[in-house]
Protein chains: 2
Amino acid sequence: MNSRTTENYLKAVYRHSRANSSGNVSLGIIAGDLGVTPGTVTQMMKHLSGRDLVVYESRRGAALTDSGERAALDIIRRHRLIELFLVEVMGLDWADVHDEAEELEHVVSDRLIARMDEMLGHPARDPHGAPIPSASGVLKSGQTRRLAECETGTYRLIQVTKETSGFLEWLSEYKFFPGSIFDLHHIDSMGGTLSLGLSGQNKKIVMSIEAAGSLLVEEAG
Amino acid sequence: MNSRTTENYLKAVYRHSRANSSGNVSLGIIAGDLGVTPGTVTQMMKHLSGRDLVVYESRRGAALTDSGERAALDIIRRHRLIELFLVEVMGLDWADVHDEAEELEHVVSDRLIARMDEMLGHPARDPHGAPIPSASGVLKSGQTRRLAECETGTYRLIQVTKETSGFLEWLSEYKFFPGSIFDLHHIDSMGGTLSLGLSGQNKKIVMSIEAAGSLLVEEAG
DNA sequence: ATCAAAGTTTAGGTTTTGATAACTATAAGT
DNA sequence: ACTTATAGTTATCAAAACCTAAACTTTGAT
Ligand SMILES: [Mn+2]
Ligand SMILES: [Mn+2]
Ligand SMILES: [Mn+2]
Ligand SMILES: [Mn+2]
């Protein structure tokens with residue numbers, strides 16, 4: 001019904017509307033994200049607009065309609081359930097499932113997704129800590145903060161938003177996973193790094209503030 | 001690398017070369033199988049020929065090359081492992097997995113297929129009794145006969161070659177599965193039916209000889 | 001020899017996705 | 001206000017991957 005490509009566009013619009021308060025995404029951002037030229041995005045937005053999946057006003061950007069958001073959340077649900085299934089049922093590494101899910105999300109039937117959900121006990125989060133939208137399209141995200149914007153203190157890692165296998169493997173080496181509790185010891189804003197220690201371990205982790213931008217945490221005091 | 005469509009053509013050529021002794025498939029048969037016009041098949045065979053997947057001589061039909069056969073067996077392996085995975089690991093009904101596998105076979109990565117194979121203990125047969133080609137592309141099919149061509153006697157059901165869910169559900173009602181042993185009591189070739197009884201049950205099964213054409217059996221004396 | 005069936009060819013069409021490059025609107029700076 | 005830079009739009013072209021229609025050719029059978 002929706003092609004692979006249009007589904008990926010819908011996800012891209014969704015991704016970037018979270019960032020922008022208005023929910024309106026500028027097309028250049030999508031072009032950059034998907035690696036296509038701006039003209040291509042304009043065309044696609046017109047197309048999606050014709051199918052009532054986005055509202056698009058010339059030069060004002062695009063926003064998902066209700067049915068567009070439903071479609072986007074459905075694909076995101078698929079993606080996240082598939083990732084968790086690959087990790088929990090099939091025993092793959094969390095660093096290794098994103099690309100696979102990126103393909104399968106467009107092909108696996110609703111019935112199979114429902115069965116995965118059932119086997120996994122209607123899970124709330126994927127292996128990277130991202131919340132899984134419900135079958136009815138409700139996504140509940142608690143209030144988290146980017147580690148890059150935190151002061152020193154004690155936190156719990158909730159979600160890793162950058163899913164490149166290199167970064168995930170690096171986190172694994174420190175056994176730093178969603179759920180881990182840690183102390184943010186020191187922030188060197190000039191040097192652009194921060195250092196932290198996992199509770200129950202004495203090795204120190206030093207990472208760039210840029211990298212810390214893809215870690216979502218909540219206070220654990 | 002190979003598109004969904006070309007992969008399905010390769011499977012179709014493979015399917016019908018088994019039937020023909022020469023291994024040469026007439027293009028009309030493929031057109032009928034895939035529901036396209038003859039000209040479309042001619043074009044596709046030229047295309048596959050250019051990619052060294054089939055040998056094709058005008059009006060003489062097509063046959064898979066070695067690499068074409070390898071490709072076909074790889075997809076068949078995927079298909080059958082996926083079906084078995086869906087039944088054994090995910091608990092779906094055997095009548096319900098073919099269509100799903102028909103899609104997934106083109107998308108699931110090699111790594112995931114290898115993992116399924118491992119989880120299933122390197123199985124020899126799919127849920128319908130069809131042999132699963134090895135990763136190196138070897139398919140060992142024992143010598144079976146079509147029930148439609150058997151005399152009365154005792155047999156074991158090995159494989160069901162028609163995978164429509166209606167037919168599979170009908171077999172399920174009688175608990176008639178690959179592995180089942182039964183007596184072929186009576187053949188009414190004029191009426192076009194045969195009747196048999198499963199060992200350990202006294203209900204009689206009557207089916208058309210046409211339907212019995214899709215049951216492969218071996219003697220169980 | 002004739003004919004029907006099977007297969008081929010040609011020409012054309014659709015869908016989906018994308019690029020290029022000239023053009024235009026908007027916002028920002030001076 | 002005027003210029004300029006930036007972002008976005010438009011129109012045109014393209015290519016891949018399928019497919020059909022219909023006229024034509026070959027082949028095998030009667
Ligand atoms: Mn992912
Ligand atoms: Mn995707
Ligand atoms: Mn099947
Ligand atoms: Mn298929």
If you apply the rule side-chain contact (heavy atoms from CB on, under 4.5 Å), what do you find for V160(B) with F176(B), and how did you get there?
CA-CA 10 Å; V160(B) 182; F176(B) 193 18; over 6 Å; no

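- Here the CD1 atom belonging to I132(B) is positioned 13.5 Å from the CZ atom belonging to R78(B), to the nearest 0.5 angstrom.
- Judged by distance alone, the side chains of T144(B) and E218(B) never bring a donor and an acceptor atom under 3.5 Å apart.
- If you check the side chains of H128(B) and Q159(B), you find no donor sitting under 3.5 Å from an acceptor.
- Between T6(B) and the phosphate of dA17(D), there is no side-chain N or O to OP1/OP2 separation shorter than 4.0 Å.
- For dT8(C), the OP1/OP2 oxygens have a side-chain nitrogen or oxygen of T42(B) closer than 4.0 Å.
- Relative to the side chain of Q43(B), the nucleotides dC19(D), dG8(D), dT9(D) differ in distance, and dC19(D) lies closest.
- Under the 3.5 Å distance criterion, the side-chain polar atoms of R115(A) are matched with a main-chain donor or acceptor of M90(B).
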What N/O pairs connect the protein and nucleotides 23-25 of chain C at under 3.5 Å? Give each pair on its own line.
from, atom 1, to, atom 2, distance (Å)
dT24(C), O2, R59(A), NH1, 3.4
dT24(C), O2, R59(A), NH2, 3.4

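- For the OP1/OP2 pair of dT9(D) and a distance below 4.0 Å, the side-chain nitrogens and oxygens of K46(A) include no atom meeting the criterion.
- OP1 or OP2 of dA7(D) has not a single side-chain nitrogen or oxygen of S26(A) nearer than 4.0 Å.
- The shortest distance between the side-chain N/O atoms of S3(B) and the OP1/OP2 oxygens of dC18(D) is below 4.0 Å.
- If you find the closest nucleotide of DNA chain C to R60(A) and to T5(A), the one lying nearer the 5' end belongs to T5(A).
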Check step by step if side-chain contact (heavy atoms from CB on, under 4.5 Å) holds for L53(A) and L64(A).
CA-CA 6 Å; L53(A) 294 165; L64(A) 294 171; 5.8 Å; no

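- In this structure, the separation between CZ on R111(A) and CE on M116(A) is 11.5 Å, given to the nearest 0.5 Å.
- Checking the phosphate oxygens (OP1, OP2) of dT16(C), no side-chain nitrogen or oxygen of Y9(A) falls inside 4.0 Å.
- Applying the 4.0 Å criterion to OP1 and OP2 of dT20(D), one finds that T37(B) has a side-chain N or O inside that range.
- Across dT8(C), dT9(D), dG18(C), the shortest atom-to-atom separation from the side chain of L27(A) is found for dT9(D).
- Listed pair T40(B) / dC19(D) fails the phosphate criterion, with no side-chain N or O lying under 4.0 Å from OP1 or OP2.
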